[in-house]
Each structure stands twice: as C-alpha cells, then as structure tokens.
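Heads up, the thing below is written out as structure tokens.
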Amino acid sequence: MKNKLQRYKVLLILLIFSVILLAVSVSRFSYIFGALELLAIVLCGYLVFFDQREASSKFAWMLALLFLPLFGILLYFLIGKEPHQRKLPKHQVESEKKLQGFVSNLLLEHPEAIHKEHDLSREIYHLSSKHPTTANHVKVLNKGKEAFELLLEDIENAKDHVHVFFFIIKGDETGTELTHALMKKASQGVKVRFMYDSLGSIAFPNQLLNDMRDKGVEVRTYDLLNSPLLSNKANWRNHRKMVIIDGQVAHVGGMNIGNEYRGQGKKFKYWRDTNIRLMGPAVIEVQECFIYDWLFLDQNHDTLTQFIGDRERYFPLTTIKESLDSEVVQVLYGGPYDEERTIKDSFVDLIGKATQSIKIAMPYFIPDEETLGALRRASRCGIKVQLIIPGKGDRGISYYGTNSFIDELLSAGIEVYAYDRSSFIHCKCMIVDEHIATVGSTNFDIRSFYLNHELSLFIYGPSPAVETLTQQFAADLENAHRIDEVIQNKRTLLEKFKEKISALFVPIL
C-alpha cells in the first residue's frame, strides 16, 4: 500500500507540472522550455516505474529533471544511466566467474586456511561467497608517509610481479616516485601491471604513462572517457586501491597516490588515512580482485589462462602456520554491475551484530535509508555509536551533504565528532564491540554502496590489528570536537541552505 501511495504522489506531482507546462506554453518563447519539461516528465515516469535504483537517488534525479530541466536532462544522459543497463561481454562475465570459482576451490583445497568459527564471517560468506581466511599477518598503517615508504620498499623487493591499481594517482613528486619505482622493476624483468581510474586520475600526465609503457609496464585505463558521447559510464568509477607483490604481499586501504596522502599537501596540514599491509592466504583474494578488474579491461579470451594456468606464480598458497599475531581476514569487493550490494549488506550485518559499541571514522557519510536506520536503531537500543567526520571538507557538496545528517544522528543519541579543521580524516574504518573491524576503500555513502567499485577487509578479533584500529580511533577523538545541539543551532542560514541543497543532490553525484 505504501508503495502505491508513493506512486500516486509522484503521479500527482507530474500532473501538476504538466498543467503548469500547458499554461506557460501559450507563449512562443516557452516552446523550448515546454519541450524540455515534457521530456523531463517522461524521464521521471521512467524512473518511477522502470528504474531499479535506490529511492533517494530517484528522488534526487526527479528534482534535477523537473526544476532544472536543461541541466537535469543533460546530466541524466551523461551520468544518469542505471548501472544494470550496461551490457558486459558474455566471455568477460564467464571469465570473471571462472576466476572467482578457481580461487574459492583453491582455498577449499586448503581447509586449514579457512576460518569457520565466527558467526558473522559465515553470514558474510553466504552474502559474498568470499571465504574468511586465517593465519594472516596484518600491519595497520595510520600515517601516509610510513605507508608509502613501506609500499616502495615492498615494490623494491619484488621478484616476479607487481600489480597496481589506484583510483587517484597524481603526477606530483609522490606519483612520480611510485611510477619510477615501477619502471625500475620492469627494467629488471619483473612483470608490472598498472591500472588507474580514468576519472579519478584525470590529471595524471600522459608523459608518465608513455614513459611506463616504454619501460615495459603494462598500463590499463579503467573506463577511459575519451568522448562526451561515450561517457554515460562516467558515474560508475573504480574507487579501489590495491597493490599486490609476488602474490604474497598486498597493500589496501583508503590511501591514493599524491602528496596530500603522504602528508605533504597544501590544503591541510595533516592527512589522516589508514592502509593495511597484508600477508597470508587473504592476499590471493586481493589478487583475485585485481585480476577481476584486469579482465574487465582486457578483451583477450586467453587472458585468464595466463593467471590461473600459472597457479604457483600468481596464487601461491603454502602450508598454513598459525602464530600469536595471526589474523582472521575476509576480503570483499563489489561494484555497480553486481546483482547484490555485497559490501553494503555486510556493513548492515556488522552493525546488527553490535552489542556494546560502534565506532566509525569516515570522510564521506551519506547513508541511504537502510544504513542510516541501522545506525539509529543500534543507538536507540543502547549501543554506543560514535562517528568522526571531517571538520572541514575537501569537496563542498560532500561536506555539506554529510553535515545534513547530523541532526538526525543526534536525535537518535549518536555521538558525532568533527575532526580538526586544519586536517582531513580520509580513513574508512568501522569497529564493532572493539572486536571486529572493516577497513578499505568503501565510504559510508550511497556512491560507495551503489556506484563505485570498492574493496574492503573485514578483520575478526580479538587481534592486534583490531586493537591498533581501536587505539587510533581513540586518538582521532582527541583531535576532534563533539557536535551537540548548541553547536548545530549556531549554524548560519547559508550553511543550512547548503546542507539542504547538498542533501537533495548528493545521491546522484
């Protein structure tokens, strides 16, 4: 009944706009405007009855189409296409499924590598088909400089291959240093495969790309946007960050490649990020994610054979040995073309398992109704929920879109903290009961849940890694101030206006 009433409301809105359209169409000058409004109404009808995207995203598109018809229509045809409408080559889909089946069977051949004791990991396995693995060694890197130096060190020690993917890589000193390290290894005979997102790395210089190719680095551009007529895929970006060395070491997390991520940016005095250096059976699942993306860009039918045909090279899985610092890790990745929202559903499942506390640090917090409801419900049930968001944004619409949720969070008893305004918190971490944590590229927002390709690690404690993440969260709280109703009431009318407008349109951006 509720859905029917919502549809009737939408139809009533469309009818009102149609009447207005007829009224203004008397003027010859308004013919073009009328035609645009009619097209906007048709597109709105399509969104209501045929589009499968999330409700808040539909509503945002309808507002853009009806109130800003010229801008809204252009934007819709540019980035508004629903991801499931994209038709992927059949052989590519089959290769990706074959790859996933191969890695799953490889782990099943080593049952000692699969963790079977934690209830949540079993539930997430059923959601994702990704095995939780044991005997992993996890190093939490909370400083960009340290993370980058260790990454370069591991690349320097590579013997066989280096696989690299970043959403953002810049042509500054940090980006140049990384590309030179990759070229050096390629010249030594190490196989180097390099991928980057074409929109996130739009400022990456072509000269560096050409230099890498000349030195033997295989370079792939994710969904190259080389023409406005071919850019309806512009809104579906690959936001992952991962490096795999010799199939034995992986670096994943929130850190891209640029001076600011290394702590040398100009806009903020300090950039707070979290990366993970991973060793153990979970590395082969990160390797699977990289190859999955490589297959997306390589139309050669024999590409997969290169990888699974050389199992010991790309998927080395030796005898598993437990130690005191062994960690249980579950690697999840997903994207807009998947039938299910695996990472989002796993986030909701994790929140639902909380009994004492939920700690979240996120640069972009723009939840959909389900994830926001899960957090509010947890807080109202007596669970201590703490959220750290930026005190100053790196992008206006995301910053004000995040702030638009503060009142609703406070009303449910959730503690909201704004990070030091001179710095920026970019890590994507959630810790539940100081016992389970998730770290990766996934933001707690609609873009990460529905539009981006993301990669996250779920780490099950008690473990040194979860303990380190919990301690870092406490340190982050000391560099933040708590937002209360008094602070909220001091906002200017302009700030409130920016929040309302951003909240309306951020689901489509």
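What's counted below: heavy atoms across the whole structure, side chains too, no hydrogens, waters or symmetry copies.
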Spatial distance of atom CE (M430) from atom CD1 (I360) [nearest 0.5 Å]: 5.5 Å
Nearest-0.5 Å distance that lies between atom OG in S198 and atom CZ in F167: 9.5 Å
Expected output: side-chain R240 to main-chain D293 donor-acceptor under 3.5 Å: no
R277 side chain reached by V138 side chain, heavy atoms, under 4.5 Å: no
Polar side-chain atom of S463 near backbone of V466 as donor-acceptor pair, under 3.5 Å: yes
Parallel, tilted or perpendicular: rings of F424 and Y364 (30°, 60°): tilted
Side chain to side chain, N443 and F449, heavy atoms closer than 4.5 Å: no
Under 3.5 Å donor-acceptor, N275 side chain and G254 backbone: yes
Between Q330 and H131, a side-chain donor and acceptor under 3.5 Å: no
Intermediate values then yes/no, ring-ring contact (aromatic ring centres under 6.0 Å, His included), Y261 and H426: CA-CA 9 Å; Y261 300 96; H426 189 257; 5.5 Å; yes
Residues F473, Q386; criterion side chain to side chain contact (heavy atoms under 4.5 Å, CB included); working and verdict: CA-CA 10 Å; F473 187 88; Q386 296 173 301; 3.8 Å; yes
Parallel, tilted or perpendicular, as decided by the 30° and 60° cut-offs, for the rings of F296 and Y337: parallel
Non-hydrogen side-chain atoms of L182 and K185 separated by less than 4.5 Å: no
Those residues that, when tested against D445, pass salt bridge (charged side-chain N to carboxylate O under 4.0 Å, His left out) (two or more places apart): none
S423 and R421 side chains, donor-acceptor separation under 3.5 Å: no
Exam field: side chain D246 to backbone D160, donor-acceptor pair closer than 3.5 Å: yes
Main-chain N/O of G247 paired to H161 side chain as donor or acceptor, under 3.5 Å: yes
Atom pair OG1 (T274) and CG (L141), whose distance is rounded to the nearest 0.5 Å: 9.0 Å
Interatomic spacing from OG1 in T221 to CG in N238 - rounded to 0.5 Å: 12.0 Å
Heavy-atom check, side chain of L387 versus side chain of Y417, under 4.5 Å: no
Side-chain donor/acceptor of K139 to backbone N/O of H137, under 3.5 Å: no
T342 side chain vs S128 backbone, donor-acceptor pair below 3.5 Å: no
Distance-only side-chain donor-acceptor flag, S456 / T442, under 3.5 Å: yes
Straight-line distance of M362 CE to T402 OG1, nearest 0.5 Å: 11.0 Å
N259 (side chain) donor-acceptor with Q264 (main chain) under 3.5 angstrom: no
Residues E218, R220; criterion salt bridge (charged side-chain N to carboxylate O under 4.0 Å, His left out); working and verdict: CA-CA 7 Å; E218 280 195 66; R220 297 285 187 274; 3.3 Å; yes
Heavy-atom pair with the smallest gap, counting every atom of G171 and F204: N-CD1, 4.0 Å
Between D476 and Q472: side-chain donor-acceptor atoms closer than 3.5 Å: yes
Main-chain N/O of T355 paired with D433 side-chain donor or acceptor, under 3.5 Å: yes
Contact check, side chains of L409 and L372, non-hydrogen atoms, under 4.5 Å: yes
Heavy-atom side-chain contact between K191 and V162 under 4.5 Å: no
Test log, rule side chain to side chain contact (heavy atoms under 4.5 Å, CB included), inputs T133 and E285: CA-CA 10 Å; T133 60; E285 295 189 302; 4.1 Å; yes
Candidate pair F102 and F315, rule side chain to side chain contact (heavy atoms under 4.5 Å, CB included), full reasoning: CA-CA 10 Å; F102 169 82; F315 301 97; 3.5 Å; yes
Distance-only donor-acceptor check, side chains K498 and Y399, under 3.5 Å: no
Closest non-hydrogen atom pair between M279 and V283, with its separation: CA-CG2, 3.8 Å
N136 side chain to V328 backbone, donor-acceptor under 3.5 Å: no
K344 and D368: CA distance, side-chain angles, deciding distance, salt bridge (charged side-chain N to carboxylate O under 4.0 Å, His left out) verdict: CA-CA 10 Å; K344 176 204 157 182; D368 60 4; 2.8 Å; yes
Geometric cation-pi criterion K392 and F268, 6.0 Å radius, 45° cone: yes
Pairwise side-chain contact, Y419 with Y270, heavy-atom cut-off 4.5 Å (strictly under): yes
Considering all heavy atoms, the nearest V348-A374 contact: CG1-CB, 4.4 Å
Intermediate values then yes/no, ring-ring contact (aromatic ring centres under 6.0 Å, His included), Y314 and F307: CA-CA 6 Å; Y314 293 108; F307 295 108; 5.0 Å; yes
Sole residue of Y222, F165, Y333, Y292 in side chain to side chain contact (heavy atoms under 4.5 Å, CB included) with H453: Y222
Test log, rule salt bridge (charged side-chain N to carboxylate O under 4.0 Å, His left out), inputs R262 and E149: CA-CA 9 Å; R262 200 178 184 178; E149 289 175 353; 5.5 Å; no
Flag for S398-R447: side-chain donor and acceptor within less than 3.5 Å: no
CD1-CD distance between I245 and E153, expressed to the nearest 0.5 angstrom: 10.5 Å
Salt bridge (charged side-chain N to carboxylate O under 4.0 Å, His left out) between K170 and E260, worked out: CA-CA 10 Å; K170 298 186 176 181; E260 64 266 41; 2.5 Å; yes
Test log, rule side chain to side chain contact (heavy atoms under 4.5 Å, CB included), inputs V329 and Y460: CA-CA 6 Å; V329 177; Y460 300 91; over 6 Å; no
Within 6.0 angstrom of K267 NZ, more than 12 heavy atoms from elsewhere: yes
Pairs involving residues 352-363, ordered by first then second residue, that meet salt bridge (Lys or Arg N to Asp or Glu O under 4.0 Å) (sequence neighbours left out): E123-K353, D349-K353, K359-E434
Step-by-step side-chain hydrogen bond (donor to acceptor under 3.5 Å, both in side chains) determination, E96 to Q100: CA-CA 6 Å; E96 290 169 345; Q100 292 171 327; over 6 Å; no
Close side-chain approach of L106 to R311, heavy-atom, < 4.5 Å: yes
